Amino acid sequence: MYSKEVLVCNQVGLHARPATFFIQKANEFKSGIWVEKDDRRVNAKSLLGVLSLGITRGATITILAEGPDEEQAVNALVDLISSNFAE
Amino acid sequence: MSEKSDIMYFVTLKEIVDRFKLEWINRPKNCSEIKISSNEVNRPGMQIAGFYDYFDANRIQILGMVEHKYLEHQSSNDRKGVFNQLFSKQIPLLVVTRDLEIFPEISETAKENSVAVCRTSLSTSEFMSALIAFLNTSLAPRITRHGVLVEVYGEGVLLLGESGVGKSEAAVELLKRGHRLVADDAVEIKKVSAISLVGSAPEIIRHFIEIRGIGIIDVKQLFGMGAVKDSEKIDLVLNLEPWVDGKHYDRLGLVNEYTNILGIEIPSLVVPVKPGRNLAIIVEVAAMNNRQKRMGYNAAEALNQRLIKGMGKSIYQE
């Protein structure tokens with residue numbers, strides 16, 4: 001299990017379009033990946049799951065992964081968020 | 001994985017007051033900060049008589065007719081002492097039932113100790129059972145699971161499986177066949193009692209489904225009111241997995257398998273998925289069969305019994 005916290009600071013937070021980039025990236029990895037916000041944890045490969053967290057600008061989320069490529073997966077997703085989805 | 005259940009849940013005093021339309025007798029200044037995290041309640045009979053061993057000050061206290069009658073026989077000074085002691089424990093809330101008259105000593109001492117006191121018109125037992133049911137639901141341990149929850153012939157069926165195995169597609173076909181969607185993708189599961197789980201969808205994505213190639217659809221808009229439901233108990237778990245040639249799948253259904261969610265064993269099946277296998281019909285049959293088993297009839301068992309009986313006869317005839 002590998003995990004990292006990241007601050008979401010793009011303009012609008014993780015609404016529909018950034019979320020699709022996010023889950024597309026997550027689906028590139030074999031590991032099981034989860035996103036956690038407050039006390040809720042959802043599957044990072046599921047669009048509605050990620051949207052259900054209602055991640056707004058300024059929220060801190062935790063990305064967790066478990067599997068053969070867990071480190072790469074978490075780092076790639078953290079980079080994607082930190083780069084503001086290359087807005 | 002993806003389970004978390006070590007968090008303490010709470011319900012605010014305001015939620016309880018609003019839910020039961022309680023009348024304020026004493027509303028302390030800090031009442032918006034009062035949180036209740038115990039799902040047990042107490043009738044303070046023993047405490048009124050002065051016995052405070054094993055007193056749990058986190059519980060809501062309910063004062064009914066018995067306590068009221070007892071207090072009526074006490075002097076005003078004694079009543080003052082009783083409530084000063086009770087309120088000094090900083091209980092979250094005292095509720096007086098049956099619209100009973102409030103002793104002036106209650107209001108006075110409640111104000112002094114800034115403890116919340118409310119009144120309800122319900123009888124003590126009615127109010128207690130309703131309050132406990134509400135607290136059990138509000139404070140229930142919960143987890144979010146990746147899956148789809150549908151109601152099929154009245155059975156709550158939780159479909160689990162990897163992304164892309166076809167859970168949402170199966171759900172859409174079930175909708176077309178007249179069943180109901182509760183949650184897609186993220187199912188919030190609450191343990192509402194020691195034996196039952198209830199699932200619902202997170203508010204934001206409620207009644208939406210994602211179908212690969214189409215995108216997001218709004219089930220309530222597209223299929224109508226009859227196709228959705230806000231929450232449903234979980235009676236059966238179906239683990240969907242891609243069909244593996246040569247793997248052993250259950251052929252009889254004689255052995256009951258269970259999936260553990262929040263400490264509760266829910267009957268479960270592993271359903272192999274392959275193109276051309278109509279998942280919706282399999283889910284329907286699984287739901288009906290589960291119901292029949294619960295009602296006491298196991299088809300595999302019955303077949304076996306018939307077989308054994310038939311064998312016995314043929315041996316006898318020879």
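For clarity, every value in this text was computed on a predicted model and none was experimentally measured. Proteins get letters first, then strands, A, B, ... in listed order; numbering begins at 1 in each.
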Quiz item: So which bits of residues 53-63 of chain A come within less than 4.5 Å of chain B, counting non-hydrogen atoms only?
Solution: A:Leu53, A:Gly54
Quiz item: Would the number of heavy atoms belonging to other residues, nucleotides or ligands and lying under 6.0 Å from CZ of B:Arg19 be above 12?
Solution: no
Quiz item: B:Thr144 and A:Arg40: which non-hydrogen atoms are nearest, and at how many Å?
Solution: OG1-NE, 3.4 Å
I'd like a table of donor-acceptor pairs (distance under 3.5 Å, sequence neighbours excluded) in which one partner is a side-chain atom from residues 17-30 of chain A, with atom names and distances.
unit_1  : atom_1 : unit_2  : atom_2 : d
A:Thr20 : OG1    : A:Arg17 : O      : 2.5
A:Asn27 : ND2    : A:Ile23 : O      : 2.9
A:Asn27 : ND2    : A:Lys45 : O      : 3.4

Quiz prompt | Within 6.0 angstrom of B:Gln90 CD, more than 12 heavy atoms from elsewhere | solution = yes
Quiz prompt | Heavy-atom pairs under 4.5 Å with chain B, option from A:Val42, A:Leu51, A:Asn43 with the top count | solution = A:Asn43
Quiz item: Where is the tightest heavy-atom contact between B:Asp185 and A:Gly49, given as atom of each residue plus distance?
Solution: OD2-N, 3.7 Å
Quiz prompt | From B:Arg206 atom CZ to A:Leu48 atom CG, the distance as rounded to the nearest 0.5 Å | solution = 13.5 Å
Self-check item: Contact check, side chains of A:Leu47 and B:Ile216, non-hydrogen atoms, under 4.5 Å
Solution: yes
Practice problem: Taking atom CZ of B:Phe10 as the centre, report whether more than 12 heavy atoms of other residues, nucleotides or ligands fall under 6.0 Å from it. | Solution: no
Self-check item: Greater than 12 external heavy atoms within 6.0 Å of B:Glu265's CD
Solution: yes
Quiz item: According to the side-chain hydrogen bond (donor to acceptor under 3.5 Å, both in side chains) rule, which pairs have a member within residues 271-281 of chain B, sequence neighbours left out?
Solution: B:Glu173-B:Asn278
Exercise. Decide yes or no for B:Glu188 and A:Ser52: does some side-chain heavy atom of the first lie under 4.5 Å from some side-chain heavy atom of the second?
Key: no
Exercise. Just jot down the ring pair (Phe, Tyr, Trp, His ring centres under 6.0 Å) partners of B:Phe208, sequence neighbours excluded, or say none.
Key: none
Practice problem: Mark yes when over 12 heavy atoms from residues, nucleotides or ligands other than B:Lys233 sit less than 6.0 Å from its NZ; otherwise mark no. | Solution: yes
